[in-house]
Structures are given as C-alpha cells and as structure tokens.
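Below you'll find the structure, written out as structure tokens, and then a few comments.
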Amino acid sequence: MAERDLIYLDNAATTAVDPRVLEAMLPYFTEQFGNPSSVHRTGIQARRALDISRRSVAEGLGASPEEIIFTSCGTESDNLALRGVAWACEQRGRHLITTPIEHHAVGNTLAQLQSRFGFQVTEVPVDHDGLVDPDDVGRALRDDTTLVSVMLANNEVGTIEPLEEISRIVHARGALLHTDAVQAVGHVPIDVDALGVDLLSLSGHKLHAPKGVGALYVRRGTPLLAMQTGGGQEMHLRSGTENLPYIVGLARAIELATQERQVLKRVQQLRDRLVEGVLKEIPDVELTGHPTRRLPNNASFVLMGIDGESLVMQLTTSGVAASTGSACSAGSGGASHVLTAMGYQDPWVRGSLRLSLSRYTTEDEVDRAIAILSTGVKRLRSLSPLYAQRGAA
Ligand code: PLP
C-alpha cells in the first residue's frame with residue numbers, strides 16, 4: 001500500500017485509504033454531487049446517501065442515527081464535545097475533569113477553557129501503565145462537575161482505559177462523560193451503551209478513510225452548544241454543507257472495520273511478534289503502556305540512552321516509517337507528556353518509539369523492521385555517551 005519498499009509502521013499517525021472506501025466515495029464527487037439540503041432530485045439523492053452513511057456510522061457504534069454529528073476531524077469532534085458541553089452546562093457548574101495523557105485536541109481545549117474562560121480543570125493521575133483508576137475520578141468529582149473527559153485508548157502507548165467503571169461513577173454524581181476514541185474506533189469493538197459514554201469522538205483517517213472527516217456521537221438529550229452556527233445542518237449542532245464524499249468514505253470504512261473484525265486478530269498476532277522480537281533482540285528496552293489492555297496494533301517502547309527523534313530519523317533512512325509517539329513541542333525538551341505522566345524519567349523518557357500496524361502490515365515487514373531497528377539502535381548507542389555511562393550513577 002505504502003510507497004514501494006517502505007515499511008510503514010506509523011498507522012496511529014494516519015492510515016492508507018482502503019481502495020474500497022475510495023471507490024464508495026468517487027461517485028459523490030461527480031454524478032452524485034448534490035447538496036443534501038437541496039430539495040431537487042440531485043439534493044434528495046445526496047440526502048439519501050447522507051442518511052445511509054449516518055445509519056452505518058451509528059450501527060458501528062451501537063448508537064441511533066440522530067446521535068451522530070459529522071465533523072471535519074477528531075480535533076473538531078473533541079473541541080465541540082468539550083466546549084459544547086462546558087458552555088451548555090455552565091449554569092450548573094464550571095468544573096471539568098480529565099487525565100494528563102489526553103491528545104492535545106482535548107488537553108489544549110480544556111487548558112483554554114481554564115485560562116481564558118475561568119473553568120476549573122482537575123487532572124486525575126495515571127499509573128505506570130497509563131491506566132486511570134476509576135476511584136481517582138470518583139474522588140475528583142464535585143457537585144459542580146459537569147463533564148469528565150477520558151480517552152478510550154491512548155495514542156502513544158495504546159492503553160485502553162476502564163470507561164465502563166468510570167461511567168458508572170461519573171453518572172452517579174450527575175456529570176457527563178466524553179471519550180476521545182480516535183485511536184480506538186476501527187481497532188476495538190465499540191458500543192456506546194456498554195461503555196456508558198455520553199459523547200464519543202472519532203476520526204476517519206485512523207481507520208482507512210481519508211483525512212478531513214470525523215464524527216461526534218452525542219447521546220440523545222445531552223446538552224450541547226453548537227460551536228459552528230449557520231444553516232443548521234447536523235441537527236443544528238454543526239452548520240456547514242456536509243462533506244458528502246468523505247462522509248460516505250467514513251461510513252464505508254466503519255462498515256468494513258465491523259465486517260472484518262477477524263483482521264484485528266491477525267494484526268494483534270503480528271504486533272505480538274514485533275514486541276517479542278524487539279524485546280529479544282535489543283537490550284535495555286521496555287514496552288510502554290499496559291501489557292494486555294492495549295490497542296491490537298500498538299507496539300510502543302522506551303529505549304535507554306537513545307534520543308527517540310534521532311532513532312526515527314535513522315529508521316527513515318533505512319526504510320521504516322515510525323514515530324516517537326509524541327508530538328514534541330518547543331520547550332518540552334522532547335519528553336512526551338504521556339510518558340512523563342506515567343512516571344518515566346531520564347535516561348528512558350526521551351527514547352520513545354511507537355510502531356503502529358495496520359491490516360496491510362505483513363510478517364516479512366515485521367521481521368525486517370526488527371532487524372533494521374536492532375542495527376539502528378546499536379549504531380546510535382555506540383555514539384551515545386549517555387548509554388556508555390549507564391549504571392554508573
Ligand atoms: N485524538 C487522538 C487520540 C488522536 O490520536 C488524534 C490524532 O492523532 C486526534 C485526537 C486528532 O484527530 P484528527 O487528526 O482527526 O484531528
């Protein structure tokens with residue numbers, strides 16, 4: 001799928017569009033180009049395609065069609081969920097709860113609600129595996145807490161959070177629960193009722209649909225203030241002419257993920273092969289994230305005495321696309337906020353590596369990646385004074 005000879009192990013960043021998804025989308029650029037709000041035949045055809053897509057996405061989540069709002073991406077879904085609920089419920093309270101390991105789409109939105117709009121935000125801790133303890137959420141809840149946002153699966157280390165338990169505790173205190181499920185949808189079965197969430201964000205490009213389309217599940221009756229106002233599309237919660245070809249693509253990708261769940265088992269076996277190979281071939285490396293409660297396609301590590309960025313560059317020149325797992329920002333010194341929250345420190349925390357697989361990853365690619373990684377790590381460590389001094393402190 002990827003560029004020839006490139007071993008693409010960065011599917012948590014983005015995935016290749018499935019050719020069947022593209023095929024489903026194409027007619028909506030040309031013959032079926034209508035605006036779903038138009039009343040003539042072309043518009044009615046477009047409306048029908050929009051309704052069918054909404055039904056497919058809802059089915060994939062165990063939701064009802066009127067609970068699905070299409071957006072432009074996971075970031076927009078997170079922004080709408082957080083600001084939309086915070087502002088709709090502010091008469092009741094201005095306290096919000098989250099975790100320190102959220103994607104910046106959640107973290108920075110809550111930070112802005114706090115710094116510019118006077119909301120109070122409490123972060124509950126995570127343990128060394130990146131897991132939230134539901135009792136910590138219980139202890140953080142107050143009478144004025146309106147919303148709790150805990151991601152379903154972490155984008156760096158793949159840990160899957162105990163949303164079911166968290167939702168019972170949150171609802172017992174009358175608050176609402178949002179989850180950022182951008183990394184989870186398409187990779188683990190999702191049922192919004194079983195999870196007990198009131199809002200759930202997802203994004204197309206993490207599950208073989210294109211970039212630029214997402215959705216927000218909003219449980220019926222959940223108070224939500226629209227962030228984008230205009231013509232009243234998407235149940236008046238997200239105005240703007242719907243991006244129909246991309247919405248059709250998202251729906252097709254969710255259908256395929258649901259119909260082809262057996263693929264996940266194969267991906268998980270390959271991931272396990274990758275983890276075992278890395279741990280066997282390379283000394284001073286640790287798997288990060290929970291050993292079992294994790295996404296089936298995620299293999300993330302810390303490597304002692306290595307700079308993750310340098311390793312990723314080295315892998316690129318050897319034909320492997322990988323990631324440090326963190327979007328390093330200026331001033332962070334390259335340390336991931338997720339690993340830091342999990343208690344990682346120097347000389348481990350800077351040596352993060354995330355390898356993420358997809359349905360297109362092959363066994364041969366996994367084996368070659370292990371060999372390339374082992375050689376690259378050896379080379380970098382031979383140049384690293386930090387690694388030479390290990391154990392000396
Ligand atoms: N949330 C998580 C957990 C993510 O991993 C990402 C993207 O990497 C996003 C939100 C943002 O999604 P998008 O790229 O569709 O805006």
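Whatever order the structure lists them in is the order used to number ligands and atoms, beginning at 1. Everything numeric in this text was worked out from a predicted model, so none of it was measured.
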Counting only heavy atoms closer than 4.0 Å, does ligand 1 sit against the backbone of [X], its side chain, both, or neither?
X    : value
C73  : both
K211 : neither
E76  : neither

Do T15 and S358 meet the criterion of a side-chain donor-acceptor pair at a distance under 3.5 Å?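 No, no side-chain donor-acceptor pair sits under 3.5 Å.
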
Pair E255-T258, side-chain donor/acceptor within less than 3.5 Å: no

Are R293 and P162 packed together at the side-chain level, in the sense that at least one heavy-atom pair is separated by less than 4.5 angstrom? yes

Taking the side chain as every heavy atom from C-beta outward, state whether R83 and T109 have any pair of such atoms under 4.5 Å apart. yes

Nearest candidate to atom 9 (C) of ligand 1, where distance is taken over non-hydrogen atoms, out of H103, H205, Q183: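 Closest candidate by heavy-atom distance is H103.
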
Taking both backbone and side-chain atoms of G74, is any N or O found less than 3.5 Å from an N or O belonging to ligand 1?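 The answer is yes, given that G74 and ligand 1 share an N or O pair closer than 3.5 Å.
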
Which of the atoms of ligand 1 are close to [X], meaning less than 4.0 Å from one of its heavy atoms?
X    : result
S203 : 13 (P), 15 (O)
M151 : 3 (C)
T75  : 11 (C), 12 (O), 13 (P), 16 (O)
D78  : 1 (N), 10 (C)

From N155, D10, N298, T288, residue fulfilling side chain to side chain donor-acceptor pair (under 3.5 Å) relative to R354: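 Exactly one candidate clears the test, D10.
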
Atom of V285, atom of V278 and distance for their closest heavy-atom approach: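 Heavy-atom minimum between the residues: CG1-O, 4.0 Å.
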
Smallest heavy-atom separation, V126 atom then P100 atom, equals CG1-CD, 4.4 Å

Nearest protein heavy atom with distance in Å, relative to atom 1 (N) of ligand 1: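 Nearest protein contact, heavy atoms only, for atom 1 (N) of ligand 1 is D180 OD2, 2.6 Å.
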
List the closest protein heavy-atom neighbour of atom 7 (C) of ligand 1: residue, atom name, distance to the nearest 0.1 Å. K206 NZ, 3.0 Å

Pairs involving residues 211-227, ordered by first then second residue, that meet side chain to side chain donor-acceptor pair (under 3.5 Å) (sequence neighbours left out):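 Qualifying pairs, neighbours excluded: T14-K211, S64-R220, E66-R220, D193-R219, Y217-R219.
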
